[in-house]
Each structure stands twice: as C-alpha cells, then as structure tokens.
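Here is the naming used below: chain letters follow the sequence lines, and residue numbers restart at 1 for every chain.
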2 protein chains.
Amino acid sequence: MTKMKNDKVCQYKLMASRDALTVIQGKWRIPIIISLTHGNKRFGDIQKDIEDISPKMLSQELKALEESKIISRKLYDSMPIMVEYSLTPLGISMQKLLDELLKWGIHFRNEIVGKKKTLKRQLN
Amino acid sequence: MTKMKNDKVCQYKLMASRDALTVIQGKWRIPIIISLTHGNKRFGDIQKDIEDISPKMLSQELKALEESKIISRKLYDSMPIMVEYSLTPLGISMQKLLDELLKWGIHFRNEIVGKKKTLKRQLN
DNA sequence: TATTTTACTTACCAAAAGGTAACAGGTATA
DNA sequence: TATACCTGTTACCTTTTGGTAAGTAAAATA
C-alpha cells in the first residue's frame with residue numbers, strides 16, 4: 001500500500017467502500033445491527049427498539065443481513081414460537097465502524113442540526 | 001452516558017446513526033468524499049476517479065454534500081471555467097469513519113466475497 | 001466561423017426502496 | 001369456541017433513487 005500511487009490507492013478505497021456499502025445500504029440495516037449489539041433479540045424486541053419499522057421491512061432486512069452472514073437466526077420450538085437473532089463474528093467485527101458512525105453522527109448533530117453542547121461525552 | 005439504562009443508550013445510538021445515515025445515504029456520496037480525501041478536485045477529476053458516475057448524479061450529490069456542509073465549492077474565473085471541490089472541516093472529521101468503513105469493507109471481502117488473503121495490510 | 005473545453009442541466013424513464021393494511025398459521029389460554 | 005400471542009407474509013401502491021441521452025453556456029482556440 002505504501003508504494004501505491006495516490007490514484008491507485010483511491011481506486012482501491014473506492015472498491016472497498018462499495019463492498020461495505022452494498023451490505024450496509026438502506027434505512028434499516030444499521031439500526032437493526034445496532035439494536036443487536038445490545039444483546040440478542042427477538043423479532044418483537046427489535047420492533048420495539050426501532051419504533052417505526054414495519055414487520056415487512058424488518059423481516060426483509062433480517063433476511064438480507066442473514067444472507068450477508070452478519071446476523072444469525074435461531075428458532076426455539078417453544079409454546080408461542082420464539083426466534084432469536086444475534087450478531088455473527090462478522091457482525092461483531094462492525095463494532096468499530098459503528099462506533100465511529102455514532103461518534104460522527106453526534107458530532108454532525110452538534111455542528112449542524114443543533115448547536116446544543118449537551119450529550120457531548122463519548123459513547124461507552 | 002455511563003448511568004443510562006441499556007435501552008436508553010440504544011435509543012440514543014439509533015438517533016445518532018440516523019443523523020449520520022441521512023447524510024451518507026446513497027450510492028455516490030461516500031465515494032465522492034473518499035475521492036476528495038485524496039486532494040481537492042475538479043468536477044472532471046472526480047468523474048475520472050468514479051468511473052461510472054454520470055454528470056447528473058455527480059452534480060446532484062455534490063450539491064447535497066455542499067448543503068450538508070461536508071464539501072465546499074470554489075469557482076475560479078479562469079479561461080475555461082474551473083471549479084474546485086474540497087472537504088470542509090466537517091468533511092475532514094469523517095476520516096476515522098471512512099477508515100473504519102474501508103477496513104471493514106476489505107475484511108468483508110476477504111471473509112465473504114473471496115477468500116483471497118492478499119491486500120490484507122492496513123490502509124495508510 | 002467552427003470546434004473544443006469545462007461544468008453542468010434537462011427531460012424522460014426504469015428500478016429499487018419503502019409504506020400501509022390486511023391476513024396467516026400455529027399454539028395456548030379463557 | 002373464541003381470543004390473544006408471536007412471527008411473519010402478501011398485495012398493492014407511492015416515493016426515492018438512479019440511469020440515459022441530449023442539450024446548454026461561455027470562452028478560447030484553430
């Protein structure tokens with residue numbers, strides 16, 4: 001990498017960002033992953049975390065994330081059916097990325113959305 | 001933050017991620033920002049970096065990024081008109097986020113897209 | 001005068017993403 | 001038998017996003 005020309009590096013970065021974006025793309029996937037970083041959850045739990053997601057979108061995006069090997073689905077054969085979703089190692093490997101996304105989101109909000117200086121402390 | 005309940009933290013994170021996502025959303029914004037981390041560029045330069053972007057999308061997304069205060073546009077009154085785009089401090093503040101995105105994109109490609117172990121070294 | 005360069009814009013269309021509302025299927029409880 | 005719970009599914013529609021192709025404007029160059 002050190003010996004690559006500037007524009008080669010740029011091309012390489014553009015490729016990597018595309019790979020990441022295709023998996024992350026859309027309104028709901030990041031929120032779903034964030035919800036699951038707070039513990040394994042059931043369908044209804046995730047719905048409660050992300051208040052305005054519809055069951056259609058939730059099940060659709062859960063399937064997509066499962067196909068990308070970022071989450072896994074476990075079915076428990078209990079009385080009312082129970083399904084537990086959790087992050088795979090690949091999902092867990094997104095932690096730093098998510099942290100930076102959140103930090104920047106907060107920074108952006110402080111700079112642009114509002115000039116409130118509250119809640120400026122780091123996450124975790 | 002330390003004293004917040006787990007689900008309050010989750011709600012706060014979800015809000016922050018939404019703020020970030022609305023700015024970053026779409027196929028082209030991250031690539032444009034990455035292109036500009038490699039130096040200030042003109043319209044045509046960015047087009048050369050991102051080979052398959054159309055002038056319509058490029059100008060549309062540049063405008064959006066300008067409105068979000070992530071890039072700035074400078075018009076030089078030269079012979080054939082010249083416009084230079086650059087990152088604002090807010091744009092520069094995305095560096096760590098972009099780095100993590102790239103790292104994860106490479107990791108994802110190595111794990112899933114292909115099992116190639118080449119090009120595993122860190123960026124920069 | 002005609003062509004080139006740079007930086008776009010416009011009109012039109014197609015595809016993808018997302019929203020709404022109703023329904024389904026299996027089990028358990030009243 | 002009827003109702004509720006849980007995890008979805010389905011049909012239908014609207015909105016957003018992105019693509020294509022052609023055109024524009026202003027100045028410089030041939």
* B/S/- contact track for nucleotides 12-30 of chain D, protein heavy atom under 4.0 Å -> ------BBB------SS--
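- With rounding to the nearest 0.5 Å, the separation of CD1 in B:I106 from NZ in A:K13 is 9.5 Å.
- B:Y76 comes within contact range of no nucleotide atom at all, as no heavy-atom separation falls under 4.0 Å.
- Rounded to an integer number of Å, the gap from A:L58 CG to D:dC6 C1' is 13 Å.
- At D:dT9, one or more side-chain N or O atoms of A:K63 fall inside 4.0 Å of OP1 or OP2 (strictly under the cut-off).
- At least one side-chain heavy atom of B:L14 sits under 4.5 Å from a side-chain heavy atom of B:Q11.
- Between B:Y85 and C:dT6, a side-chain N or O to OP1/OP2 separation shorter than 4.0 Å is absent.
- Atom-to-atom distance recorded for A:M15:CE and B:L102:CG is 10.0 Å, nearest 0.5 angstrom.
- Taking atom CG on A:L75 and atom C1' on C:dT27, their separation rounds to 13 Å, with Å as the unit.
- C:dA28 atom C1' lies 13 Å from atom CD1 of A:I81, rounded to whole Å.
- The pair B:K103-B:E100 meets the salt-bridge criterion, with a side-chain N (NZ, NE, NH1 or NH2) lying under 4.0 Å from an Asp/Glu carboxylate O.
- Between B:R42 and the phosphate of C:dA7, there is a side-chain N or O to OP1/OP2 separation shorter than 4.0 Å.
- Remark: C1' of C:dT5 and CG of B:D45 are 14 Å apart, rounded to the nearest angstrom.
- We find that CG of A:L62 is positioned 11 Å from P of D:dT7, with the value rounded to whole Å.
- Between the B:S68 side chain and the B:L65 main chain, no donor and acceptor come within less than 3.5 Å of each other.
- Distance, A:F43 CZ to D:dC5 P: 16 Å, rounded to whole Å.
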Show which side-chain atoms of residues 27-46 of chain A pair as donor or acceptor with protein atoms under 3.5 Å away, not counting sequence neighbours.
| residue | atom | partner | partner atom | Å |
| --- | --- | --- | --- | --- |
| A:R29 | NE | A:E61 | OE1 | 2.9 |
| A:R29 | NH1 | A:V23 | O | 3.2 |
| A:S35 | OG | A:D49 | OD2 | 2.7 |
| A:T37 | OG1 | A:I34 | O | 2.5 |
| A:H38 | ND1 | B:N6 | OD1 | 3.1 |
| A:K41 | NZ | A:S35 | O | 3.0 |
| A:K41 | NZ | A:D49 | OD2 | 2.5 |
| A:D45 | OD2 | A:R42 | N | 3.1 |

